[in-house]
J.: 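This structure is in C-alpha cells; I'll ask about it shortly.
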Amino acid sequence: MSSIASSSSNLESSFEYDVFLTISHPKHDDVKAYLEKELRDVGIKPLIDDQMEEFLMYEIVKCRMIVVVFTAEFAESDIFLKRLMDIRWCQKATNIKVSPAFCGLSEQQVREQLEGMDQRRFDTLNFDFDLDSGGFIAEASSLLNSARAIAEAATLSDLGDKISNLIAKIDKLDKYLFDVELFDDLQHHQAGLQRRLEELLDILRQKHITSEDRFIVGIWGDGGVGKTTIVKALYDKIGGNFEAKSFLTNIKDVWDNRNGRVLKRQLISDISEVEIDEKEDVLEIHEQMMKVLHGKRVLVVLDNVNSAFQLMELCGNIWWFGRGSLIFITARNKDILKNFADVQYEMKRLDSDESIKLFSWHAFKRSTPTDDFAYLSNKVISFCEGLPLLLEVIGCLFHNRTLPEWQGVMIELDQISYGQIQRKLYIGVEFLTDLEKDLFFNIACFYVGQSKSYVIELLKGSRFPVEVGMPVIFECNLVKVINDKLYVHDLLQEIVRSRPDKPKLKYNYDVFLSFRGEDTRKSFATHLYSALKQAGIDIYMDEERIERGEDISSSLLQAIESSKISIIILSKNYAGSSWCLQELKKIMECYQKSYQEVLPIFFDVRPSEVRKQTNSFGKAWERLVKRTLGNGVENWTINSRRALIEVANLSGWDMHNYRTETELIDEVIETITKKLGDNRSLFVAHHPVGLKSRMHDILQLLRSKSKDVIIAGIWGMGGIGKTTISKAIYNQVGHSFEGKCFLANVREVWKQDNGPVYLQEQLLSDILKSRRRALPNVEMGKTLLEEMLCKKNVLVVLDDVNNEDQLKALCGSREWFGEGSRIIITTRDERLLKILRVIHVYTMKELDDNESLELFSWHAFKQATPEQDFTELSRRVVSYSGGLPLALEILGSYLFTRETFIWICALEKLQQIPNDQIYEKLKISYDGLSDNKERDVFLDICCFLVGKDKSYAIQILNGCGLHADIGVNRLIELSLVKVGNKNKLEMHDLLRDMGREIIRKQSPEEPENRTRLWYHDDVLGVLTNSTGTKAIKGLALNMSKNNSVSFNAKAFKKMNKLCLLQLNHVQLAGDYNYLSTELRWLCCHGFTFENLPMNLCLKKIVAIDLKWSNLRKVWEKCQLLEALKILNLSHSHYLTETPKFSKLPYLEKLVLKDCPQLSIIHPSIGDLKYIILLNLKDCKSLKHLPRNIYKLRSLKTLNLCGCSKIEKLQEDIGQMESLSTLIANQTAIAQVPFSLVRLKSIKYVSLCGYEGLSRDVFPSLVLSWMSPTHRSKSLSRAFQILPSLIRNISHPFFARSIESFESRPSTAQALCQKAPTLTECHGQIPTKRLETWSSLTIHVGCFNKVADSLLKSISQGWNDDRLDFSLPIDNYPDWLVFVNEASSVKFKVPHVVGRHLKGVVLCVIYSSLQDSMASVYPIGIMIKNFTKATMDFYKRDAGTTSTDKEWQSITSNLEPGDDMKVKVEFAHRYDMKKTAIYLLYVEETNELSISKLS
C-alpha cells in the first residue's frame, strides 16, 4: 500500500484513464455496458471494474476520478463492500475525486442499509489496511455525499459537466434496470422483420380488437423461419400496454413431463410477481394460475408449442384471461392451433432480396455481398431455402473466408438434398475444431438459459477451451447471449441430440442403471429393473451394489461405456456416495464423447435440489465433501459438482409429477422402448464384406435436391444380399426421416392368414410410432395409409416383394407419401418394378474374387484371410461359389474346423455342379450333417415348422424320436436355421427351397413316394386319387376359410408312417381309423366335427392344434394320451366343456382362448402335475373355476382376461406355488385374494384394476385393503394377515409398519369406558336441503385442562343458525391447528420451545343424507410420515376401540420437523367439508404420564 501512496504524485501527471466505473452487483453487467458506452460516446476513457481484484488498486490510482454506482442489491456483494474500502483508501492516499450515483434507491436508503448491517459481517471481509475509528460504516458513508462530489468534479473542467450528466442519467436508470426490454437481440440485421411485424399488426387492426376483447393469435411456420423472433419484437413493442406480461419460451423443450409445472409457475410469477413453491401440488398450481390470470389484462406468449395438450394446460379457456388480454402462440404445426387461435398467421420464408441482405450482414458485415463473392452468395441463398436461422449460421461460416475456402464449403453443401435443414445447419458445426464442437454440444445439452459468466466460471479448468472456444461459437451464431443468458435455437439443439456424426459403437446393453443402494435398492430401482427386463430391454444393474472401497471396478466402467442409454435415479443420498459420483462422471463423459443418451429420474428430490445441492440432497453432498477435502481431491469435488449440475439440466422424470411409482415406471418404459425403437439398428451381417461400395451406388439413386418422392428398386437373385444391403441403408439414413419402417420377408408374411392386413398394420404402427391398430380389411388399410402418410417424410423398405397385389396394398402410389420420402423395394422379379414405374433400379452384383475369399474366410476360419495351408483350397472353393454371399456363408460354415480330405470331397462335388445350380451348392452343407436325424430335423422344419416357436417345434420333433434339442442347435451353428423374434424359427428361403428340392428329387414324378408333402397341387393330387404310401411321414395342406375342400379319410389308409399332419380348413369324412397311429402332430384349423372321432388313434400324439373348430365336446370318451404335451382349442366357438384331464397326465400347455360357450372346466384339471400354461382368455360363459384348479403347483401362467362372468378367485390360489403370471382383467372379480400376495413366485399381475409387476402392484393393493369401504369382515381379515403380507413387499412406506401391525389386536370395549386416552364425540344438524352436517372428533393422548378446553370449544363450534360449523383456531402454545377442506390434511410438526407434544385431536366435518349416525362406521385412518418414510393404519368399528398402546404410538412417533399427512375414510360416501388436526402441548416441567393418570 505504501508504494502506491508514495508514487501518487508521479501518477497524477500521467493518468491512463479518465474515470474508474464500478457498479455494486454483477447482476447489472448490462447497465455497466450501457454506462461504458455513454462515457466513450462523450470522449471519456473509462476503466471498468472487471479487472482482477488483487491488481485493482494499482489501476484505480491511474484514474482521474471514480464513479461508484449503488443499486438496491449493493449490500449483498462482499466484493463491492471490500472495493468501497479500497476506493476510500485511494481517496485518502491520492486525493482522487469520488462521485457516488444511486440507481433504484436514494442516498438516504444507502446510509440506512449501511447502518443496519451487522458488524460481524465486516469482520469477515479482511481489509488490507486499518480502518479509522469510525469503522467501516463511517468510512463508507464518507463516500456518499453526492452534492459535494459533483462540486468537486466540476473542478475538473473537461470532465465536470460530462460526469454530472452521466450521474443524472444513472438516477433515471430505474426503468432500464428493473423494466428492461426482454429481448435486446432483436436489433441485429433482422431482414424482413419489420414487414412481417406490420402484417401482423394490420391483421390485429382488421379484427377490430378493442380493450375489451380477449384474443389468441397463432403464428405457424417451419423451424428456424423466425416465429420466435417476431413474437419477441411484438412483446417488446406492445408489452407496455398491458397490466402484466409473460413470455414462456421454447415450451416444447421446457415442458415438464406432462403437466408443465415449471411453465405454470413461471406464468404465475411473471403475472403476479408471486413465487410458487415447487413442492406445490399440480392441481393447486393450476388453480393458482387461473386465479392469477382472471381479471387481469395480460400479454402472454407461448413460444414453440408442439401439442394441443400444452395449450389446454396453459390457455385452455380464453375466459381464464381478463378483458383485453392478448395471447400469442407459435408452433410448427398449424393443426395444433385450429381449436385455440382466433386468427392464424403463417410465418413465410424470406424472399431472395431479404435472404441476400441477411446473409450478407453475417458473411460480410454489410447489407450486400462484395463484388467478387456475389455469384457464390446467390448460390448459397438458394441452398438456405429462405430460412433466417440457416442464413445466419451459413453466413457466419463464410465470414472472413477466402475464395478457395468458399468453393470447398460449397462442395460440401452441394451434397445435401433440398429440405434437409438439420443436415445443412450441421455444416456450421462441422467446421469447428473437435474441442470447440464438444464445447458447443455441452452448452446445447446442459447450459441453455444459464448465465454466460456462470458457465464460463464453471467450465474453467475442464477440458473445454472456454476462453478461446466461447467467442468462436458466438461468432458462428451457434450460441447467442441474451441478457447474459446462453441461448441455442431448438433446431440446433435437436441436431445435438441426433448427432449426425455419432460414432457407431458396439453395445452390450440397452440400459445402464445408476442408483444409490440404500435409497432405492429394495424398492424403486428393483421395480424399474424388473419392468425393463419384462419389456425385453437388456439392462445392466449392479446386483449386489456393495460399495467396497472408494473406487468402482473396471467392469462397471466398461458396462457404462457399452450401454446405449444410462438411467440415473437421483435420490436423497445419491450425492453422498463417491461410488455413485464416479459412475455419474463416467456416464456424463460417455454422454459427451460417445453421445450416450442419459435420462435422470428425480426420486424424492427436485431437479433444482440436485443442480444447487440443497436440502437433504445437499446435506449428503456436504458430508461427502467433508470426508474427501482432506485427501487432496479438490479437483475431484469440482468435477463431481459439475456433473451434478449437468445431469440436473437434462430432461428426465420428476417423481413428484406422478401419482404412483407404477405410473412413472410405465412412462419410463414407454420412453425407453420408443428410443430404442428409433435408434435400434437392424442386424445387417456379422461380416459385411463388399457392402460399402454397393451402398454408395444405391444412396446415389436416392439422392435428390428436390422434394420428390423416390421409389428405388433393388433387384437380383436369391441369396445375393438384397435384404442385407437394404438393412444397411435403412440403418444409415433412417434417422433423417420423420418415420421409418422395414417390412421384412413380405412374400412369406403375405401368404399367412390375414398376412396383407398384418403388414399394413405394422407399416402404420412403425411410421406413427404407436401401438398396432386393428384394420378390418386391406381396402381400409389402403385408405388409412394414404391419409396418415401423405404429410410425412418417411423411409419404407419392402423386402422380398413377389407380386403386384403386395405393391398395391403397401405403396399404391407416390401420392401416398409426403415430400422427400424414400421407398425401397427388394425383389427377384424385375417386372414388378416396371409395373410400378420405378426409374431408380439397382441390379445387385455378385462379390468379386477378393470379396468372396474374405467372406468365405470369416466363416471357414473366423478371420479375414484363409489359413496358410488352406489358401489354395479356399480359392478353389470360392471360384465355384459364383460370388453368392449365401453360398459362401453356408460353405464356409460347413468347412469350419474340417479335415483336408473333407475339403477335397466338397471341391469334387462343386466341380460337378453347374454355376447356375445354386441349390446343389447349398446342399453340400446339408450332406455334411452328421446323421439322418439331423437331416430329418432340417427337412421337417423346411416343410412344416418355419415360423413356429422353437420350443414348440423341438417338442414335436422330440416326439418323433429325432433328438431335436441337439439337432436344432446344430442347424443354427451351420447357419441353416436361425432363431428370430419371439423365439420363432427362421430359414432363408433359398435354404428352405433347397430342402424341399431334396425331397422333390426323392420321386420327381410321383409325389406319393416322397417323405413329405407340402406343395398344394401335389397334396391335392395324392388325397384326391388316394395314392398315398407308407413313404409319407409328413403332410400339410393349407386352405383358406372361404376355399375349403373335402376328402375321405380312406385316402390316408396307406400312410401308416405319417407323423406330422396339417389339414387347415379341410373336411375329412369317413372312418378316422385309417389315419396313422404314429401321429405326433395334428393341426386341423377349422375342424368340422362336434367331437374328435372315437376311432382316431392318438396314443403317440404330442401336440393337438384345433383352432377355429366346431367342437362342442372334445371326446365322447377320451383315450389315454400319455404323450400329449400341448392342446390348443382356441376360437372353438361351440365348445361347452373341457375333456377329462385324468387321461392327459403329462399335458403342459392348455390353450382355450376365445371359446365363448365354454362353461365347464372338468374338476380333474387338478390332476395335471406338469401343466405350465393355462389360457382361458375371453371364455365369456365361464362362471367359476373348479376348486381343484388351485392344486396346479406347476402352473406358471394363468390367463383369465375377458372371462367376464368369473366373480371370484379363491384364497386357495396361494397353493399355486409356481404361478408367476396372473392375468385376470376384464372379469367380474371384485376382491383380490389375500393369499396372492404371499406367493413368492408371482411376478406379473393384472386384475381388479391393478396391472403391472407384483412389486409395483402389491403396495397399492394392500393400501386398498385398508380402505374402510371394504366390508368389515374383509377389513378384519386384512388386518389379521397384513404383517405376514408386508414382509413380502419392498416398499418404503411398509418398512416401519410390520411391528406396529403385529401389536394391534382389536378389543371389544365400549367407547370411552376403559380408554381414558381416547374419546370420540359426534354432533349433527340438518341443513335447509335436508343434508346433515356432522362432526367426528377423536382425541388421543393425556387428559388435562388444555384438552378439555379444546374439546369443549370444538363441541360449541356450531354457529347461531346451526347451519355451519367453525373450528377453534391456534391457541399458542397450548395447541396448534392444521385444517384442510378435504378428507386429508398435511402438516409439519412444529417445535414449541419448552413444550412437549402430548396429545392429538382429529376433527372431521362431513355431510350425509344418512339418518343414522351408526352408518359412519367403519372409519379408516391413514397416517403417513414422509420424513421417516412410514405409514400407519387405524380402523374404527362401531362399538370397538383400539388399545391404548396402539394409539399412544401416534404421539410417541411424532417429532418436530416431521412432514405428515393424515387421511380419513368412511365406509359410505360423504361430502368431506373439513379435516383438522390439533397438536396439544404440555410444559416440560409439568409432564403427566399416561400411566399415572390411569
Side-chain angles (χ1 to χ4, degrees), residues 29-30 33 183-186 188-189 223-224 226 228-229 249-250 253 358-359 361-365 380 384 387-401 405-406 408-409 412-413 421-502 588-589 591-593 595 642 645-646 649-650:
D29 284 348
D30 48 352
F183 307 112
D184 58 0
D185 62 322
L186 293 176
H188 307 303
H189 327 308
T228 301
T229 301
T249 187
N250 203 9
D253 287 337
L358 181 58
F359 173 78
W361 276 119
H362 292 279
F364 308 104
K365 307 306 176 188
V380 175
C384 292
L387 280 177
L389 176 64
L390 196 50
L391 288 159
E392 291 177 14
V393 171
I394 299 300
C396 292
L397 175 63
F398 281 118
H399 179 56
N400 279 340
R401 291 190 182 271
E405 287 176 326
W406 271 64
V409 176
E412 292 282 332
L413 299 183
I421 302 303
Q422 289 194 356
R423 184 69 191 89
K424 292 180 178 183
L425 280 171
Y426 194 70
I427 290 288
V429 180
E430 284 182 334
F431 281 84
L432 299 174
T433 66
D434 288 343
L435 285 175
E436 289 166 353
K437 197 182 294 183
D438 283 350
L439 176 62
F440 167 64
F441 285 161
N442 264 263
I443 290 174
C445 292
F446 306 121
Y447 301 118
V448 172
Q450 302 288 329
S451 162
K452 170 191 166 186
S453 53
Y454 166 76
V455 174
I456 290 175
E457 187 63 31
L458 185 67
L459 295 181
K460 278 182 180 176
S462 69
R463 64 189 181 88
F464 302 115
V466 183
E467 294 83 355
V468 178
M470 197 78 89
V472 172
I473 59 178
F474 291 156
E475 289 169 9
C476 292
N477 234 43
L478 297 170
V479 178
K480 295 181 181 179
V481 180
I482 304 174
N483 297 334
D484 192 46
K485 297 289 193 290
L486 298 179
Y487 168 77
V488 179
H489 194 282
D490 63 307
L491 269 182
L492 288 166
Q493 292 184 55
E494 288 172 15
I495 287 174
V496 172
R497 296 189 196 105
S498 60
R499 305 295 212 319
D501 63 348
K502 182 175 180 177
M588 299 313 294
E589 178 185 323
Y591 181 91
Q592 295 156 7
K593 290 184 178 179
Y595 313 132
R642 185 185 297 128
I645 293 170
E646 289 175 349
N649 287 333
L650 290 177

J.: Out of curiosity, M470 CE to L439 CG, how far, rounded to the nearest 0.5 Å?
T.: 5.5 Å

J.: Among residues at least two apart in sequence or on other chains, which ones pass side-chain hydrogen bond (donor to acceptor under 3.5 Å, both in side chains) with N250?
T.: D253, N304

J.: Could you check E392 against K480 for side chain to side chain contact (heavy atoms under 4.5 Å, CB included), going step by step and ending with a plain yes or no?
T.: CA-CA 12 Å; E392 291 177 14; K480 295 181 181 179; 3.2 Å; yes

J.: Can you tell me how far CG of L387 sits from CG of L358, rounded to the nearest 0.5 angstrom?
T.: 10.5 Å

J.: Measuring from F359:CZ to C396:SG, what's the distance to the nearest 0.5 Å?
T.: 9.5 Å

J.: Measure across L432 and C476 and return the closest heavy-atom pair with its distance rounded to 0.1 Å.
T.: CD2-SG, 4.1 Å

J.: Rounded to the nearest 0.5 Å, what separation is found between the CG atom of L391 and the SG atom of C384?
T.: 4.5 Å

J.: Would you give the length of the straight line joining atom OH of Y487 to atom CG of L478, rounded to the nearest 0.5 angstrom?
T.: 12.5 Å

J.: Checking H362 side chain against G395 main chain: does a donor-acceptor pair fall under 3.5 Å?
T.: no

J.: Got K452 and K485 here, is their nearest side-chain heavy-atom distance under 4.5 Å?
T.: no

J.: Report the residues that fulfil side chain to side chain contact (heavy atoms under 4.5 Å, CB included) with V479, sequence neighbours left out, ordered by chain and then residue number.
T.: F440, I443, I473, F474, L486, V488

J.: Measuring from atom OH of Y591 to atom CD of E646, what distance do you get when rounded to the nearest 0.5 angstrom?
T.: 9.5 Å

